[in-house]
**Q** 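Dumping the structure here so I can ask a few things about it.
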Amino acid sequence: MESNSKKIFSERKTTGLTWYQVAFEWEDEYSKILNLEIAEMSAPYTEDTKKTICGEAANILRPFRIKKDNWNIAQVMYPRLSYRYRKLSVIPIYLDVPKKWVKKIIWETRKLPIYFVTCYDAYEMIKGMGKENCSYLPLSIPDRCHEKIVPTKEFDVIQIGRKNSVLHEYMMKYCACHPNVEYVYRDNGGYRSTIRGLIGEAVTREDYMNLLKKAKISLVSTPAVDGEKDFGGFDFFTPRFFESVACYCHLI
């Protein structure tokens, strides 16, 4: 992978969502380690595109095409969207792998020498089906996200990003009984404190990590536990676990 013709295809231009930024950090790390250029997909991911994709348009879910000796890399957030790379000689890294998409992933990658999944449950299932070209790439966060010194903690508990409703309801009841405990959670795109009210948004990756650094405790859950994302029973630690630890938060 030394040729400049080989690239990492990134969709960082198509979304400004904070929770996607960690995936772009991974791409930066691959670029540095493998000495590969990052090629930014320029087509915006609009609401019209989203409606077409969710409607299972005819050009979706076609196999990847292979061009000899010119491999590229791309992280695929949703397996159903991998049609974007079908002409780009891509080695895919599947970030989210619901069980219902396993057979389609196997079909699309049947001619590839290797591809990666970040869910160990999916990896075990695919390997158990005799597919030897699947490899496991565990989720992580880059070393640069790890604080060398314990940051100053300003409040007690945070649930950053998508809420687990059970943990949230528990914390709201706990704070009602213990009004001096400050709990921060996402509310209509911004973040709300049980003591100070709205405290702002976390628009950028830096905002997100700075907010997490201020918390003593981080509430975390996995897809199979909270049931709010359907992965068909597959379970895995999300980047929020690693982000929380890197910011010196205790975990609940």
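Treat the numbers as computed from the prediction; the structure is a model and nothing was measured.
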**Q** Group every Ile, Leu, Val, Met, Phe, Trp and Tyr by side-chain heavy-atom contacts under 4.5 Å, then state whether Val157 and Leu211 land in the same group.
**A**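 No, Val157 and Leu211 fall in different hydrophobic clusters.
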**Q** Got a donor-acceptor contact below 3.5 angstrom from the Tyr30 side chain to the Leu36 backbone?
**A**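 Judged by distance alone, no pair lies under 3.5 Å.
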**Q** Answer with yes or no whether the hydrophobic clustering places Ile217 together with Tyr191; edges join I, L, V, M, F, W, Y residues whose side-chain heavy atoms lie under 4.5 Å apart.
**A**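 The answer is no; the residues belong to distinct hydrophobic clusters.
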**Q** Sequence neighbours excluded, which residues qualify as side chain to side chain contact (heavy atoms under 4.5 Å, CB included) partners of Lys103?
**A**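 Counting only residues at least two positions away or on another chain, Lys103 forms no side chain to side chain contact (heavy atoms under 4.5 Å, CB included).
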**Q** Are Tyr123 and Ile91 grouped together when hydrophobic residues (ILVMFWY) are joined by side-chain heavy atoms under 4.5 angstrom apart?
**A**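 The answer is yes; both residues are in one hydrophobic cluster.
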**Q** Through direct or indirect side-chain contacts below 4.5 angstrom among Ile, Leu, Val, Met, Phe, Trp and Tyr, which residues connect to Leu198?
**A**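 Under the 4.5 Å side-chain rule, Leu198 groups with nothing.
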**Q** If you look only at pairs with a residue in residues 241-252, which of them pass as a salt bridge (charged side-chain N to carboxylate O under 4.0 Å, His left out), with sequence neighbours excluded?
**A**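 Every pair satisfying salt bridge (charged side-chain N to carboxylate O under 4.0 Å, His left out) with a residue in residues 241-252: Arg205-Glu243.
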**Q** May I ask you to check whether Asp28 and Ser31 show a side-chain donor-acceptor distance below 3.5 Å?
**A**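 Short answer, no.
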**Q** For the backbone of Arg186 and the side chain of Lys163, can you confirm whether one donor and one acceptor N or O come within less than 3.5 Å of each other?
**A**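 Judged by distance alone, yes, a pair lies under 3.5 Å.
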**Q** Test Ser244 against Leu212 for side-chain contact (heavy atoms from CB on, under 4.5 Å), laying out the working first.
**A** CA-CA 7 Å; Ser244 300; Leu212 197 52; 4.1 Å; yes
**Q** Given side chains that start at C-beta, do those of Ser10 and Phe24 come closer than 4.5 Å, heavy atoms only?
**A**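 Contact flag for Ser10/Phe24 side chains = yes.
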**Q** Taking the side chain from Lys153 and the backbone from Ala215, do they hold a donor-acceptor pair closer than 3.5 Å?
**A**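 Yes, the answer is positive, given that a donor and an acceptor are paired below the 3.5 Å cut-off.
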**Q** Would you call Glu182-Arg196 a salt bridge at under 4.0 Å N-O?
**A**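 Looking at Arg196 together with Glu182, the answer is yes, because their closest N to O distance falls below 4.0 Å.
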**Q** Taking Lys7's backbone N and O only, do any of them form a donor-acceptor pair with Asn72's side chain (distance below 3.5 Å, no angle check)?
**A**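 Present.
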**Q** Could you work out, with side chain to side chain contact (heavy atoms under 4.5 Å, CB included) as the rule, every residue matching Pro179, not counting sequence neighbours?
**A**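 For Pro179 there are no side chain to side chain contact (heavy atoms under 4.5 Å, CB included) partners, ignoring immediate neighbours.
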**Q** Got a sec: does the CD of Glu206 have more than 12 other heavy atoms crowding it under 6.0 Å?
**A**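 For Glu206, atom CD is not crowded (no more than 12 foreign heavy atoms under 6.0 Å).
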**Q** Determine yes or no for a side-chain-to-main-chain donor-acceptor pair under 3.5 angstrom, with Tyr248 supplying the side chain and Glu147 the backbone.
**A**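 Checking the backbone N and O of Glu147 against the side chain of Tyr248, a donor-acceptor pair under 3.5 Å is found.
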**Q** Should Phe242 and Leu219 be regarded as members of a common hydrophobic cluster, given that ILVMFWY residues are connected when their side-chain heavy atoms come within less than 4.5 Å of each other, either directly or indirectly?
**A**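 Phe242 does not cluster with Leu219.
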**Q** Checking side chain to side chain contact (heavy atoms under 4.5 Å, CB included) between Tyr115 and each of Val76, Val90, Thr109, which is the one that passes?
**A**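 Only one option passes, and that is Thr109.
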**Q** Taking the side chain as C-beta and beyond, is there a heavy-atom pair between Ile126 and Ile106 under 4.5 Å?
**A**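 Side-chain contact under 4.5 Å: yes.
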**Q** For residues 166-174, tabulate all N or O donor-acceptor pairs below 3.5 Å that involve a side-chain atom, not counting sequence neighbours.
**A**
unit_1 : atom_1 : unit_2 : atom_2 : d
His168 : ND1    : Tyr183 : OH     : 2.9

**Q** Phe237, Val97: one ILVMFWY side-chain cluster at the under-4.5 Å cut-off?
**A**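 As far as the 4.5 Å side-chain criterion goes, Val97 and Phe237 are connected within one cluster.
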**Q** Between Arg240 and Ile160 (side chain of the first, backbone of the second, donor and acceptor by atom type, cut-off under 3.5 Å), is there such a pair?
**A**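 It does hold such a pair.
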**Q** Any side-chain hydrogen bond (donor to acceptor under 3.5 Å, both in side chains) involving residues 135-146? Give me the pairs, sequence neighbours left out, ordered by first then second residue.
**A**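 Every side-chain hydrogen bond (donor to acceptor under 3.5 Å, both in side chains) pair that includes a residue of residues 135-146, provided the two are not neighbours, is Glu29-Arg144.
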**Q** Taking all atoms of both residues into account, what is the closest heavy-atom pair of Cys175 and Val181, and its distance?
**A**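 Residues Cys175 and Val181, closest heavy atoms: SG-O, 3.6 Å.
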